Amino acid sequence: MEKSPFFAALALVMLAGATAVHATAMEKVGNYLIPVESGEIEGAETVMPKKCDVVVVGGGCGGIYSAYRLLSGTTLKPSVCTFEATNRVGGRIFSIRGLGKLADMTVDLGAYRYVDGRHTLVQGLVENLLKLKYVLYDPASTQFRKIVDDKGDDLGFVTFVEELTKLSMSLGMKLFLNSPVTKVDRMPSTSADAQYAVSVMGPNGKIMKVVAKHVIFNTPQRPLMRILQNSNLARVTEWSSALDMPFPLMAAKMYLYYDDAWWVYMNRTTGSLNDPNTNNATTFNSSSLFTTPPLRGRYHDGDWKCNADNTKCHGMFMYTYASDNGGTYNRGGQGLDISPYNGVVPRYYWNVAVNPDPSKPYVVLDMTSSGGKNLIMEAHKKVVDYHISINASIPEPYASTYPSQAVVVVWDPQIQWTGGAWHSYKNGIYGSQVSTNYTDPRNAVPVASIKPFAGENVWVANEAFSAVQGWAEGSLIMAENVVTQLGAARPTFISTQRHDCVLYPSYNYNATLCGLSLNPLVQGVTRRRAAAVSASASIASETLKAAAAGLSGGRKLGAY
């Protein structure tokens, strides 16, 4: 999507410790609202170089991290060029901002949290190197953390990739956006050092070639295969069959924006909600099962804020989060031992999350178009009915007040730069085992796929092939092993002992040390839960009591 001057004027302060500036109302094109996308880094290069020591294909967290480590951890800094096919960095770490009536809401369409202790590299970057603010993702669990600003409001998980990109650029990384790599050919060479001709499509559609000594692929499986099938590398030497072992999974999310965050008023700020009908296999053949948006949400996920005196809160409510992932050994995406609910739910939103720009996996809708209005009204009615069914009725006037926006994302193969939400292995958990003996790469995919062409300086670092699939940490672990093999010194933002936890062949994700908390939670246990508790007490004192008494007769929905 071309950015209009309207968006060029929007300012969001993304630096750690800075307070975000509120955006203005979203522009509308056709039936779609256009939010502020993340990862659109200023200062990207426009003049294509003829040579780079290292070419990084893909500006996801693993690609940017590879560039940072090579530029900060080696004595002789190589020249590093990062080519990203889209207009932003972050990949499937995709935050959008400027949502809601006040244009102050942020949601994560893709990756959104990290695990204390277990995710050593993500946590080390966020908390130690970049010194970003963080809080608990769920106030009821000490396991997960997320990134916030000084006030405790959501900044979006992509913030750490944005800040790492800026840091890498300050060290010399050249970033090229809207520059998809189409193939990588090994050049004829009589010297010991192989060189590669990297074909890059420029903004005008012209193919240009950049010569590189090393190529690091930070791309999911399908985009990687698209490039390799067009390259001569497989004619020079076969690629490891480890690259064929993953398969992509599909996932979908939907958020609803409410002027009044009724769940905060009701003090329901943790936990999940699921439509019992869509979780019950005996009702799976009902003709009405998926004619309305399937409900599988979380109270604690969406962004929300309260005003200065805590008399009113507004926010984004997570209505749906579901994926193919399920079944024995996480092979549900292959149709093995999968519950009816998984798999069908993401596909329900296929016809909804259709962006005019086919590279975008999401849409933002409001009540002014028939499609948006129907979706929003049906979803809200289901939320109201659900709470009646669990004897926790939403009080008036909130039960009768529809949300005004819906954000829907579907990560599936039609998004060519990703091919899916995340990955699993065709042979289930056995694919992720890490071993130095990979004569059978099915039992050691991460190790075998890092350098998939024997004797070549071609590397792979992506969640798809990692031992921690579905998490940013998986991509970073592979990237760390790549740069270590390329001579980078140990990173300074984690201890030597913790660094050993992520290196092959000593890697052991389940080792006791590797699971210990990296840092105590010094930011507090919530983003602004204390304010919310105060708000729920003051607002609910009269409103909720009166409403509860009047709701015994069932749902009451006013006209929009």
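The structure presented is a predicted model; accordingly, all values stated were derived computationally and were not measured.
- Within a 6.0 Å radius of NZ in Lys101, no more than 12 heavy atoms belonging to other residues, nucleotides or ligands are found.
- Side chains of Thr320 and Tyr348: no donor on one and acceptor on the other come within 3.5 Å.
- A donor atom on one side chain and an acceptor atom on the other are found under 3.5 Å apart for Tyr114 and Glu127.
- Tyr255 and Asp303 form no side-chain donor-acceptor contact under 3.5 Å, judged by distance and modelled atom types alone.
- Closest approach of Val200 to Phe83, counting heavy atoms only: CG1-CD2, 3.8 Å.
- Side-chain contact check for Ser95 and Asp108: at least one donor-acceptor pair (N or O, by modelled atom type) lies under 3.5 Å.
- With respect to the salt-bridge test (charged N to carboxylate O, under 4.0 angstrom), the residues Asp366 and Lys28 qualify.
- The two residues Met367 and Pro403 have their closest heavy-atom pair at CG-O, 3.8 Å.
- Between Arg347 and Asp324 there is a salt bridge, since at least one side-chain N of the basic residue sits less than 4.0 Å from a carboxylate O of the acidic one.
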Show, in sequence, the C-alpha distance, side-chain angles and deciding distance for Trp422 and Ser323, and conclude whether the side-chain contact (heavy atoms from CB on, under 4.5 Å) test is met. CA-CA 10 Å; Trp422 58 84; Ser323 70; 3.5 Å; yes
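- Annotation: Met225, atom CE; neighbour count of heavy atoms from other residues, nucleotides and ligands within 6.0 Å is above 12.
- The minimum heavy-atom distance between Gly124 and Leu518, with the atom names listed, is N-CD2, 3.7 Å.
- Panel note: side chain Arg92, backbone Ala421; a donor-acceptor pair is recorded below 3.5 Å.
- Among Tyr112, Tyr349, Tyr299, the one residue that satisfies the ring pair (Phe, Tyr, Trp, His ring centres under 6.0 Å) test with Tyr321 is Tyr112.
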